[in-house]
Amino acid sequence: MRIDVVTIFPEYLAPLELSLVGKAHRAGLLDLRVHDLRTWTTDRHRTVDDTPIGGGAGMVMRPDVWGEALDGLLGDDGAVELLVPTPSGERFTQRTAERLAAVPRLVVACGRYEGIDARVAEHYRARGVPVTEVSLGDYVLNGGEVAALVVVEAVARLLPGVVGNPDSLVEESHGAAGLLEYPVYTRPPQWRGHDVPEVLLSGHHARIARWRRDRALERTAERRPDLVARLPADALDADDRRL
Ligand code: 6GU
């Protein structure tokens with residue numbers, strides 16, 4: 001998979017060279033390219049923004065500069081999707097990450113200031129490019145760069161070969177079960193007066209699975225009642241309902 005990220009702060013994306021994503025990049029599992037938007041400016045001051053038409057605070061990113069950048073990167077590749085991080089986007093979830101992991105090419109356009117002129121998304125949609133505006137959650141960041149880090153990491157770890165043991169992807173929070181993950185423990189079995197739950201030391205696999213399921217349900221009900229409400233009708237078995 002190829003991901004191009006366009007930003008006025010390419011250094012912001014440097015952490016993508018670390019850890020699993022960096023390793024995937026070096027191994028050729030992920031073709032990741034970070035571009036400086038100012039490369040596509042033509043004026044002496046390399047201007048990327050201007051005042052909002054209609055008035056108001058802040059600055060808006062100019063469509064002409066973004067147009068030059070995106071024409072080049074999107075080309076006429078029919079298999080590329082444009083992703084625009086913005087607090088006014090649709091919520092970015094594990095389902096979004098799963099969908100994007102199956103797209104051969106992504107271009108992530110990081111806005112700053114009050115955002116990118118709305119005609120940019122409109123223009124590429126009209127040209128047949130799938131455009132998705134995504135938000136991380138209900139709070140405001142200074143620009144799309146942190147969201148680009150989040151999107152690249154969430155998507156890259158789903159690509160074949162990136163996470164060493166693919167079983168790690170099966171039981172995690174926001175996975176297929178629609179529940180948060182159960183609590184996990186390692187050695188030592190006693191630490192500062194806190195014991196690892198007895199059942200986990202029992203070697204009884206069915207009882208361990210039941211205990212983990214109960215804890216996942218309990219935790220989800222407590223912390224994320226919205227997720228319990230959205231479970232499909234057949235998601236709870238007879239044992240689950242005891243809780
Ligand atoms: Cl994607 N961008 C910005 N600027 N702020 C956000 C966000 C994105 N998601 C939540 N807050």
Side-chain angles (χ1 to χ4, degrees), residues 15-16 18-24 30 83 85-103 132-141 144-243:
L16 294 177
L18 305 175
S19 189
L20 280 184
V21 176
K23 207 168 151 192
L30 173 67
L83 210 69
T86 163
S88 55
E90 58 185 75
R91 185 67 150 266
F92 179 77
T93 67
Q94 190 64 24
R95 303 292 89 78
T96 322
E98 286 162 3
R99 184 179 72 72
L100 296 176
V103 172
T132 309
E133 295 176 78
V134 293
S135 165
L136 297 184
D138 298 337
Y139 41 81
V140 179
L141 304 170
E145 286 76 12
V146 168
L149 291 172
V150 168
V151 167
V152 172
E153 180 159 324
V155 170
R157 62 193 297 284
L158 299 178
L159 300 176
V162 173
V163 169
N165 179 358
D167 289 347
S168 305
L169 304 175
V170 175
E171 288 200 353
E172 62 194 2
S173 295
H174 306 294
L179 299 174
L180 302 182
E181 202 179 18
Y182 48 79
V184 296
Y185 304 87
T186 186
R187 285 176 293 191
Q190 301 191 313
W191 177 75
R192 297 189 181 182
H194 302 266
D195 295 352
V196 169
E198 191 72 46
V199 58
L200 299 179
L201 303 162
S202 69
H204 196 303
H205 297 301
R207 285 221 294 268
I208 292 171
R210 184 68 249 168
W211 183 89
R212 285 178 166 167
R213 172 99 181 147
D214 288 349
R215 298 293 80 71
L217 281 161
E218 198 170 66
R219 198 177 238 199
T220 311
E222 203 168 292
R223 300 177 181 180
R224 294 294 305 277
D226 58 308
L227 294 181
V228 178
R230 284 183 1 226
L231 287 173
D234 61 352
L236 299 183
D237 61 29
D239 287 329
D240 293 337
R241 289 178 219 285
R242 290 181 297 104
L243 288 179

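Bear in mind that the values here come from a model prediction, so they are computed numbers and not experimental data.
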Where do Arg219 and Glu222 land on the salt bridge (Lys or Arg N to Asp or Glu O under 4.0 Å) test, with the steps shown first?
CA-CA 5 Å; Arg219 198 177 238 199; Glu222 203 168 292; over 6 Å; no

Worked check of side chain to side chain contact (heavy atoms under 4.5 Å, CB included) between Val162 and Leu30
CA-CA 9 Å; Val162 173; Leu30 173 67; 5.8 Å; no

Decide side chain to side chain contact (heavy atoms under 4.5 Å, CB included) for Arg224 and His174; before the verdict, give the C-alpha distance in whole Å, the side-chain angles of both, and the deciding distance to 0.1 Å.
CA-CA 11 Å; Arg224 294 294 305 277; His174 306 294; 3.8 Å; yes

Side chain to side chain contact (heavy atoms under 4.5 Å, CB included) between Leu100 and Phe92, worked out:
CA-CA 11 Å; Leu100 296 176; Phe92 179 77; 4.1 Å; yes

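At a threshold of 4.5 Å between non-hydrogen side-chain atoms, the residues Arg91 and Thr96 do not count as touching. Taking 4.5 Å as the limit, some side-chain heavy atom of Leu179 sits within range of a side-chain heavy atom of Leu231. No side-chain heavy atom of Arg210 sits less than 4.5 Å from a side-chain heavy atom of His204. The side-chain heavy atoms of Leu20 and Glu153, taken from C-beta on, include no pair separated by under 4.5 Å. Side-chain atoms of Arg215 and Arg212, non-hydrogen and from C-beta on, never get closer than 4.5 Å to each other. Taking 4.5 Å as the limit, every side-chain heavy atom of Glu98 sits out of range of all side-chain heavy atoms of Val155. Under the 4.5 Å side-chain criterion, counting only non-hydrogen atoms from C-beta, Leu141 is in contact with Leu136.
A distance of 5.0 Å separates CG of Leu149 from CG of Leu16, quoted to the nearest 0.5 Å. Interatomic distance, Leu217 CG to Leu227 CG, rounded to the nearest 0.5 Å: 11.5 Å. Taking CZ of Arg213 as the start and CD of Glu218 as the end, the distance is 13.0 Å to the nearest 0.5 Å. Taking CG of Leu18 as the start and NZ of Lys23 as the end, the distance is 13.0 Å to the nearest 0.5 Å. With rounding to the nearest 0.5 angstrom, the CZ atom of Arg99 is 4.5 Å from the OG1 atom of Thr132.
Nearest heavy-atom pair, Val21 versus Ala156, reported as atom, atom and distance to 0.1 Å: CG2-CB, 4.1 Å. The two atoms that bring Tyr139 and Pro87 nearest to each other are O-CB, 4.3 Å, heavy atoms only. The two residues Pro85 and Ala147 make their nearest non-hydrogen contact at CB-CB, 3.5 Å. Here the closest non-hydrogen pair linking Thr86 and Glu133 is CG2-CB, 3.7 Å. Nearest heavy-atom pair, Asp240 versus Ala235, reported as atom, atom and distance to 0.1 Å: OD2-O, 3.8 Å. Considering every non-hydrogen atom in both Pro183 and Trp211, the closest pair reads CG-CH2, 4.0 Å.
Arg95 CZ: more than 12 foreign heavy atoms inside a 6.0 Å radius. Open room surrounds CG on Asp138; 12 or fewer heavy atoms of other groups in view lie less than 6.0 Å from it.
Under a 3.5 Å cut-off, the side chain of Thr220 and the backbone N or O of Leu180 do form a donor-acceptor pair.
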